[in-house]
Amino acid sequence: MYEGKHASAVRSQQELEAALMRLMQKQPFQRITITMLCQEANLSRQTFYQLFDQKEDVLRYSVLSGYAAFERHLLEMKRFTLCTFTEEATRFFAQKKDLLNLMIRDHQQGIFLEVMHEKLREVLELVEEGEKFIREPSYTFFVAGLSALFLYEVTHAEEEEFHQDIDEFAAYFGNPEIIMKHPAANADNSTEV
């Protein structure tokens, strides 16, 4: 997937993202072809393949759009509890509620979980050394629980349940304080999406 910042390429990625959303509202993801996607976006197949390897990459791009700003926000906060992190991350993904509901409907939530696993690992790499609140053996359990919580909160939970569910999840891990590395040390780690 293209990760550069060239304005016309980014604009084409956004057009393909919007086209995929329009098509998914009309039919299941499995029935959408790259040709259909290109026609809907008014772009060539050549342009598609310069930006993405497969249509699933457009879903990944959609899930991640705006993520770099969320990551910068975490770095600026510097210190926060697991409960605060979970609330902030859930609010970020709540902006993608329509997309996530379409992905669930079309049995594509695995792509969301894959992206979550990758991005949570990256976030944990930004935690100060010695401040790691979760050891490697528990990591998969943590990510699976957090991903499931995100999906549930974004697609089903009522506002009053939201805080209670997040508090319970954070409490399970002891609601530790998370201290991020200095933002300057991570300037080359984040990719703008």
Side-chain angles (χ1 to χ4, degrees), residues 1-5 7 9-11 13-14 16-18 20-21 51-52 56-104 108-129 131-134 139-140 142-157 159 161-163 165-167 169-170 173 175-193:
M1 178 171 27
Y2 177 79
E3 294 180 7
K5 298 179 196 263
V10 171
R11 190 170 40 256
Q13 283 180 306
Q14 292 168 344
L16 287 162
E17 174 187 20
L20 181 62
M21 280 297 292
L51 302 171
F52 299 106
E56 288 79 4
D57 289 340
V58 182
L59 278 178
R60 288 180 186 89
Y61 176 83
S62 295
V63 170
L64 287 173
S65 63
Y67 182 81
F70 168 69
E71 190 175 274
R72 279 193 303 276
H73 174 66
L74 290 179
L75 290 169
E76 290 166 2
M77 288 174 55
K78 185 68 174 151
R79 299 174 88 100
F80 45 87
T81 63
L82 178 59
C83 186
T84 300
F85 167 76
T86 305
E87 284 180 7
E88 294 287 331
T90 302
R91 289 185 203 292
F92 169 77
F93 287 110
Q95 299 169 22
K96 301 177 179 299
K97 182 176 185 168
D98 292 341
L99 171 67
L100 293 176
N101 279 319
L102 290 170
M103 291 174 75
I104 291 167
Q108 298 299 314
Q109 65 269 28
I111 290 174
F112 171 77
L113 297 174
E114 168 193 315
V115 168
M116 284 298 308
H117 179 80
E118 174 188 332
K119 290 302 173 185
L120 285 172
R121 181 168 293 285
E122 288 176 13
V123 166
L124 291 177
E125 291 300 318
L126 299 176
V127 173
E128 281 289 348
E129 208 56 49
E131 297 293 335
K132 302 277 188 219
F133 66 94
I134 188 164
Y139 174 77
T140 302
F142 171 75
V143 170
L146 194 54
S147 299
L149 181 66
F150 288 160
L151 281 174
Y152 178 76
E153 293 300 324
V154 167
T155 58
H156 296 93
E159 185 64 31
E161 295 174 326
F162 175 79
H163 295 290
D165 294 341
I166 288 173
D167 288 345
F169 179 81
F173 290 94
N175 196 23
E177 182 176 52
I178 301 168
I179 303 172
M180 303 300 282
K181 293 178 184 176
H182 189 274
N186 302 303
D188 60 337
N189 274 355
S190 74
T191 56
E192 186 70 41
V193 177

Report the C-alpha separation of Arg60 and Glu114 in whole Å, then their side-chain angles, then the decisive distance to 0.1 Å, and conclude whether the salt bridge (Lys or Arg N to Asp or Glu O under 4.0 Å) test is met.
CA-CA 9 Å; Arg60 288 180 186 89; Glu114 168 193 315; 2.6 Å; yes

Min side-chain heavy-atom separation Met103-Ser62 under 4.5 Å:
no

Might you point out which heavy atoms bring Ser147 and Met116 nearest each other, and give the distance in Å?
OG-CB, 3.4 Å

Against Phe93, only a single residue in Phe150, Phe70, Tyr67 fulfils ring-ring contact (aromatic ring centres under 6.0 Å, His included); can you say which?
Phe150

Would you call Leu16 and Gln13 a side-chain contact if the rule is heavy atoms closer than 4.5 Å?
no

So do the side chains of Met21 and Leu102 get within less than 4.5 Å of each other, counting heavy atoms only?
yes

So Leu59 and Gln108, side chain to side chain contact (heavy atoms under 4.5 Å, CB included) or not? Walk me through it.
CA-CA 9 Å; Leu59 278 178; Gln108 298 299 314; 4.0 Å; yes

Phe173 and Phe142: ring pair (Phe, Tyr, Trp, His ring centres under 6.0 Å), yes or no, with the steps?
CA-CA 9 Å; Phe173 290 94; Phe142 171 75; 5.1 Å; yes

d(Met1 CE, Glu56 CD) to nearest 0.5 Å is 11.5 Å

Closest approach of Asn175 and Cys83, non-hydrogen atoms and distance?
OD1-N, 2.8 Å

Is there a side-chain contact between Tyr61 and Gln14, using heavy atoms and a 4.5 Å cut-off?
yes

Quick one, Leu100 with Gln109, criterion side chain to side chain contact (heavy atoms under 4.5 Å, CB included). Give me CA distance, side-chain angles, the key distance, then yes/no.
CA-CA 7 Å; Leu100 293 176; Gln109 65 269 28; over 6 Å; no

Taking the side chain as every heavy atom from C-beta outward, state whether Leu64 and Lys119 have any atom pair closer than 4.5 Å.
yes

Between Thr84 and Met77, is any pair of side-chain heavy atoms under 4.5 Å apart?
yes

Would you indicate whether the side-chain heavy atoms of Phe112 and Leu99 approach each other to under 4.5 Å?
no

Heavy-atom closest pair (Leu74 atom, Phe80 atom, distance to 0.1 Å) is O-CE2, 3.6 Å

Rounded to the nearest 0.5 Å, how far does CG of Leu149 lie from OH of Tyr152?
9.5 Å

Dump the intermediate steps for side chain to side chain contact (heavy atoms under 4.5 Å, CB included) on Leu151 and Leu113, then the final yes or no.
CA-CA 9 Å; Leu151 281 174; Leu113 297 174; 3.9 Å; yes

Can you check whether Thr81 reaches Pro176 side chain to side chain, under 4.5 Å on heavy atoms?
no

Distance (rounded to the nearest 0.5 Å) between Leu82 CG and Glu87 CD
10.5 Å

Output all residues satisfying ring pair (Phe, Tyr, Trp, His ring centres under 6.0 Å) with His117, sequence neighbours left out; order by chain, then residue number.
Tyr139

Any sub-3.5 Å donor-acceptor pair from Lys5's side-chain atoms to Val10's backbone N or O?
no

Test side chain to side chain contact (heavy atoms under 4.5 Å, CB included) on Glu177 and Ile179; report intermediate values, then the result.
CA-CA 7 Å; Glu177 182 176 52; Ile179 303 172; 4.2 Å; yes

d(Thr86 OG1, Phe169 CZ) to nearest 0.5 Å is 5.5 Å

